[in-house]
Amino acid sequence: MISSEEFYNELRLQLEKGLPFVAYRKPVIPNSPGVIKAFLQKDPELYRTTDYLESGFVFAPFDEKETAILIPVEYADYLETTFNNSETSRLSKIADPGNSKNLLEKEKHIKLVQKGIDSIKNKSFKKVVLSRKEVIQIPSSTKPEPIEIFRDLTVKYPEAFAYIWFHPKVGLWLGATPETLLGLERNRFKTMSLAGTQKYEGTLDVNWGEKEKEEQQLVTDSILEYLKPISEKIEITPAYTSKAGGLLHLRTDISGTDAEFRVSTHMNAGNMKKLILALHPTPAVCGLPKGPTKKFILENENYNREFYTGFLGELNLKKTLQRSSNRKNRENQAYASITKTSTLFVNLRCMKLEDNKAVLFIGGGITKDSNPVAEWEETSNKAQTMKSVLFK
């Protein structure tokens, strides 16, 4: 473990060299110190994964037909530092240019949402998640400071997975996502159902409308259906209100076990991929059913989501498990069990930095009861996650 200043200086140096890297902080557990981790790739190669059996940090696009990118552990240096949630911002923020008030973009998104509603009413699908991108021009006098933006994201959103990811052949992405795609250790996996959005007004004790409840239940039911072929031992929690930055969502936690998916050095090729693709893209970022809604998205959104609503995170990293100290035979304490764990998150609330431009990606779930104008407002609310670290 190194000091915070050393850690961020190493990130800056890696970026100056134009070498790939990722730095990230998992959601902080209350009353527990968080850790910020980084993998600094030693060469500029673009490594990919198709079966998800390698070890490293994976960065995958929305369209699973496109290949996921990997920063392999064997070609990277690993760093970590203690998370300090009391740091003050060092960013040179800019004034909000007000892109979200662009009437043309608003009109386009409202028409897209209405088209989605019409398709639902015509029984094409039950729910679809429609998104847009918002391009923010950063004045040439203000140079973007990606490392400081990441630093701000970790402090501002402790309950999210905050990250900065860079590859010279792909680009620079930052985000703070509230949604877990998959947690996997040995033969136990966990995921979540997340849907419904409203502003956080200082309390978790809020009322949810029928539209949000229906949407969240649709997401939960579909995930359970996708997981049926994988495990019959599935547990779910009741839906509850979960905070993510300045927003609230309805959330259900889902977990299961299955010996077939034990993560070990003997893991069957294809099992990991089968589990990931059972969940990705989730109903919370694509829709229901998966096939027709994905087709509708690709044909109607009129832009490339790239890595937005894809997934990212730790893939098959080694973890040492110490034997219980309650065992009578103390000699066994010298032996530790080594397993592999994966922790993947859905890439929501993110942006891509390009020269003097920040590209924000935002979307929302559409059901038969959706209101197109309200859906536009919801995307504007979600955009504040990224805007809050860019604007004064």
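Note that the structure is a prediction, hence the values are computed from the model and not measured. Counting from 1, the numbers follow the sequence of the chain as shown.
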Mutual orientation of the aromatic rings belonging to F62 and H280 [parallel < 30°, tilted 30-60°, perpendicular > 60°]: perpendicular
Please check if the distance between the ring centroids of F57 and Y24 is under 6.0 Å. yes
Test item: V219 and T282 side chains (from C-beta on) under 4.5 Å apart, heavy atoms: no
What is the ring orientation for F21 with F166, classed by angle as parallel under 30°, tilted 30 to 60°, or perpendicular over 60°? tilted
With a cut-off of 6.0 Å (strictly less than), are more than 12 heavy atoms of other residues, nucleotides or ligands near CG of D355? no
Should the pair E377-K199 be classified as a salt bridge under the 4.0 Å nitrogen-to-oxygen rule? no
Between CG on residue L182 and CG on residue L279, distance to nearest 0.5 Å: 6.0 Å
With no hydrogens and no angle check, is any side-chain donor or acceptor of T177 less than 3.5 Å from a backbone partner on R349? no
I want to check something: taking the side chain as every heavy atom from C-beta on, are S242 and E159 in contact at a cut-off of under 4.5 Å? no
Would you verify whether the NZ or CZ of K290 falls within 45 degrees of the ring axis of Y226 while also being under 6.0 Å from that six-membered ring's centre? yes
Exactly one candidate in R132, K382, K115, K211 meets salt bridge (Lys or Arg N to Asp or Glu O under 4.0 Å) with E375; the answer is K211
Could you give me the CA-CA distance, side-chain angles and deciding distance for T339 and E185, then say whether side-chain hydrogen bond (donor to acceptor under 3.5 Å, both in side chains) is met? CA-CA 7 Å; T339 186; E185 183 175 325; 5.6 Å; no
On the 0 to 90° scale, with breaks at 30° and 60°, tag the F296-F125 ring pair as parallel, tilted or perpendicular. perpendicular
Just by distance, do the side chain of N347 and the backbone of G310 share a donor-acceptor pair under 3.5 Å? no
More than 12 non-hydrogen atoms from neighbouring residues, nucleotides or ligands closer than 6.0 Å to NZ on K126, yes or no? no
Would you confirm whether S119, through its side chain, and S124, through its main-chain N or O, come within 3.5 Å as a donor-acceptor pair? no
Decide whether V35 and F150 are clustered together by the hydrophobic rule: side chain heavy atoms of Ile, Leu, Val, Met, Phe, Trp, Tyr closer than 4.5 Å, transitively. no
Counting distance only, does the side-chain N/O of Q14 pair as donor-acceptor with the main-chain N or O of P20 below 3.5 Å? yes
Hey, does the side chain of Q198 reach the backbone of N207 with a donor-acceptor pair shorter than 3.5 angstrom? yes
With a 4.0 Å cut-off, would you call K368 and E214 a salt bridge? yes
Check ion pair E64-K294 (N to O, under 4.0 angstrom): yes
Evaluate whether atom NZ of K169 has more than 12 neighbouring non-hydrogen atoms of other residues, nucleotides or ligands under 6.0 angstrom away. yes
What pair of heavy atoms forms the shortest contact from E212 to T197, and how long is it? CG-N, 4.4 Å
Is there side-chain contact between K190 and T180, with heavy atoms separated by less than 4.5 Å? no
Without swapping roles, check the side chain of S231 against the backbone of T257 for a donor-acceptor pair under 3.5 Å. yes
Taking all non-hydrogen atoms of both residues, which atom of F161 and which atom of Y163 are closest, and how far apart? CE2-CB, 3.9 Å
Ignoring hydrogens and angles, tell me if any N or O in the side chain of E301 forms a donor-acceptor pair with the backbone of Y303 under 3.5 Å. no
Backbone N or O of N316 within a donor-acceptor pair of the S342 side chain at under 3.5 Å? yes
Rounded to the nearest 0.5 angstrom, the CD1-OG1 distance for I254 and T220 is 5.5 Å
Heavy atoms of F345 and P27 approach each other most closely as CZ-CD, 3.8 Å
OG (S131) and CD1 (I297) are apart, to the nearest 0.5 Å, by 7.0 Å
Atom NE2 of H109 and atom CD of E378: how far apart are they, to the nearest 0.5 Å? 8.5 Å
With the side chain counted from C-beta on, respond yes when N84 and T154 share a heavy-atom pair under 4.5 Å apart, and no when they do not. no
Check against side chain to side chain contact (heavy atoms under 4.5 Å, CB included), Q114 and I110: CA-CA 6 Å; Q114 188 59 58; I110 286 173; 5.5 Å; no
Hey, mind stepping through R188 and E235 against salt bridge (charged side-chain N to carboxylate O under 4.0 Å, His left out) and telling me if it holds? CA-CA 11 Å; R188 187 163 186 83; E235 301 170 4; 3.5 Å; yes
Check the surroundings of atom OH in Y75: do more than 12 heavy atoms from other residues, nucleotides or ligands lie under 6.0 Å from it? no
Step by step, would you call V113 with I117 a side chain to side chain contact (heavy atoms under 4.5 Å, CB included)? CA-CA 6 Å; V113 170; I117 294 170; 3.9 Å; yes
Distance (rounded to the nearest 0.5 Å) between I223 CD1 and L194 CG: 9.0 Å
Determine whether V73 and K318 make a side-chain contact, defined as any pair of heavy atoms from C-beta on separated by less than 4.5 Å. no
Report the C-alpha separation of K37 and V22 in whole Å, then their side-chain angles, then the decisive distance to 0.1 Å, and conclude whether the side chain to side chain contact (heavy atoms under 4.5 Å, CB included) test is met. CA-CA 8 Å; K37 305 177 181 180; V22 63; over 6 Å; no
For D369 and E215, run side chain to side chain contact (heavy atoms under 4.5 Å, CB included): C-alpha distance rounded to whole Å, both residues' side-chain angles, the deciding distance at 0.1 Å, then the answer. CA-CA 10 Å; D369 298 319; E215 182 187 350; over 6 Å; no
On a heavy-atom basis, the closest approach of G246 and Y157 is N-CE2, 4.4 Å
Decide, yes or no, whether a salt bridge links K352 with E306 under the criterion of side-chain N to carboxylate O below 4.0 Å. yes
Under a 4.5 Å side-chain heavy-atom rule over Ile, Leu, Val, Met, Phe, Trp and Tyr, are L250 and V129 clustered together? no
Testing the 3.5 Å rule here: is there a donor-acceptor pair between the side chains of T341 and E314? no
How far apart are the closest heavy atoms of T379 and G364, and which atoms are they? CG2-N, 4.5 Å
Electrostatic pair E107-K111, nearest N-O below 4.0 angstrom: yes
Distance only, no hydrogens: is a donor on one side chain within 3.5 Å (strictly under) of an acceptor on the other, for N9 and E5? no
Shortest non-hydrogen contact from D43 to L19? C-CD2, 3.8 Å
Value for CG (L353) from CG (L174), rounded to nearest 0.5 Å, stands at 5.5 Å
Would you kindly confirm whether L224 and L184 end up in one hydrophobic cluster when ILVMFWY residues are joined by side chain heavy atoms under 4.5 Å apart? yes
For atom CG of L204, is the number of surrounding heavy atoms from other residues, nucleotides or ligands below 6.0 Å larger than 12? yes
Is the shortest heavy-atom distance from the side chain of I164 to the side chain of I149 under 4.5 Å? no
Residues E148 and R12 bridged, charged N to O under 4.0 Å: yes
Donor-acceptor contact present, side-chain H249 to main-chain A195, <3.5 Å: no
Using only atom types and a distance under 3.5 Å, with no angle test, would you say the side chain of R251 pairs donor to acceptor with the backbone of K243? no
When you compare the side chain of F307 with that of L312, does any pair of heavy atoms fall below 4.5 Å? no
Given side chains that start at C-beta, do those of Q41 and Y47 come closer than 4.5 Å, heavy atoms only? yes
